[in-house]
Amino acid sequence: MGNSARNQVDSTVSTYPSSQGNGTVLSVHPATLRWTTADIAVGAALGVACGLVFWGFNFAYQAISPVLGALLPGVASVLHAFWYFSGPLALLIIRKPGAAVYVNLVGAVAEMVFGNNFAFSFVFISAALQGVFAEIPFALARYRKYNLPMSIASGVCVALEYGFYLLFFRYQGVALMSPRGITHLVSEVVGGVVFAGIMSWFLYLAIARTGALDRFASGRAVRGLAD
């Protein structure tokens, strides 16, 4: 994140570069957690963009998963994070309670509009649950910490939720402690770490460095801008 000095993100938020170079730690006044019109607009745009990714990935998954499944049943679950990376990414960018749920639901609606083979109820419920679990690490930190470890923790939480959700409601014929069940859960967590956690973090950094987020604390923290 660089060695820039302390930056005032706004009148109530102070930003410090991480000493490990992997993120920022914010001290946030409760007033900054209120949603603004800009937050809603950016969240909607991010949700539609993620919905387009979900829709496109549906086709890629249909082609790739049978190949991975033939190599090792259950390992295709490592790719599922491409359907829920939006939660951690939304929180890293918007930094408000409910950001993951909001962006996920907008993305789910957009995905259904583009076209989807899954039932709307399944997509909508999955999106809502994934958003809730993505929020857990940030909520425990009182929405004050935004760094790579937090992004990874968020991805892992969603991976565990989605992994068990699939076992209980979609893969009822697969026993939890069976080789396929264990492979599925391990692969889900690996995907959550790599794609929902690490990939989302670097995607956020790439977006912020373009200057597109300069109006937000998340963008200023990366670019070392002071108000």
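In this chain, residues are counted from 1 in sequence order.
- A 4.5 Å side-chain heavy-atom check between Tyr143 and Leu91 finds at least one atom pair inside the cut-off.
- Contact annotation: the side chain of Phe164 approaches that of Leu185 to within less than 4.5 Å [non-hydrogen atoms, C-beta and beyond].
- No path of Ile, Leu, Val, Met, Phe, Trp and Tyr side chains, each step under 4.5 Å between heavy atoms, connects Phe82 with Val67, placing them in separate hydrophobic clusters.
- For the ring pair (Phe, Tyr, Trp, His ring centres under 6.0 Å) criterion with Phe57, the lone passing option out of Phe195, Tyr84, Trp83 is Trp83.
- Side chain of Ser200 to backbone of Phe85: a donor-acceptor contact under 3.5 angstrom is found.
- Nearest heavy atoms, Cys157 versus Pro137: SG-CG, 3.8 Å.
- Checking side-chain atoms of Glu135 against main-chain N and O of Gly98 turns up a donor-acceptor pair under 3.5 Å.
- Under the 3.5 Å distance criterion, the side-chain polar atoms of Ser126 are matched with a main-chain donor or acceptor of Phe122.
- Closest heavy-atom contact between Leu46 and Ile93: CD2-CD1, 4.2 Å.
- Classified by interplanar angle (parallel below 30°, tilted 30° to 60°, perpendicular above 60°), the ring pair Trp35/Tyr102 is perpendicular.
- Residues Val194 and Met199 form no side-chain contact, since every pair of their non-hydrogen atoms from C-beta on lies 4.5 Å or further apart.
- Between Val42 and Arg215, every side-chain heavy-atom pair lies at or beyond the 4.5 Å cut-off.
- In terms of heavy atoms, Leu33 sits closest to Arg95 at CD2-O, 4.1 Å.
- You'll find the side chain of Ile152 reaches within 4.5 Å of the side chain of Leu148, heavy atoms only.
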CA sep, side-chain torsions, deciding dist, call: Glu188, Leu160, side-chain contact (heavy atoms from CB on, under 4.5 Å): CA-CA 7 Å; Glu188 197 77 58; Leu160 290 172; over 6 Å; no

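- Looking at heavy atoms from C-beta onward, His184 lies in side-chain contact with Leu167 at the 4.5 angstrom threshold.
- No single ILVMFWY cluster, assembled from side-chain heavy atoms under 4.5 Å apart, contains both Val113 and Val53.
- Closest approach of Met150 to Ala141, counting heavy atoms only: CE-CB, 3.8 Å.
- Using a 4.5 Å heavy-atom threshold, the side chains of Phe216 and Asp39 count as touching.
- Closest approach of Tyr204 to Val222, counting heavy atoms only: OH-CG2, 3.2 Å.
- Using a 4.5 Å cut-off on side-chain heavy atoms (C-beta onward), Tyr162 and Gln130 make contact.
- By the rule that hydrophobic residues join a cluster once side-chain heavy atoms approach within less than 4.5 Å of another member, Val186 and Val78 end up as members of one cluster.
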Verdict with supporting geometry, Val123 and Phe54, side-chain contact (heavy atoms from CB on, under 4.5 Å): CA-CA 11 Å; Val123 174; Phe54 302 156; over 6 Å; no

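- Annotation for Ala127 and Asn104: closest pair O-ND2, 3.2 Å, computed over non-hydrogen atoms.
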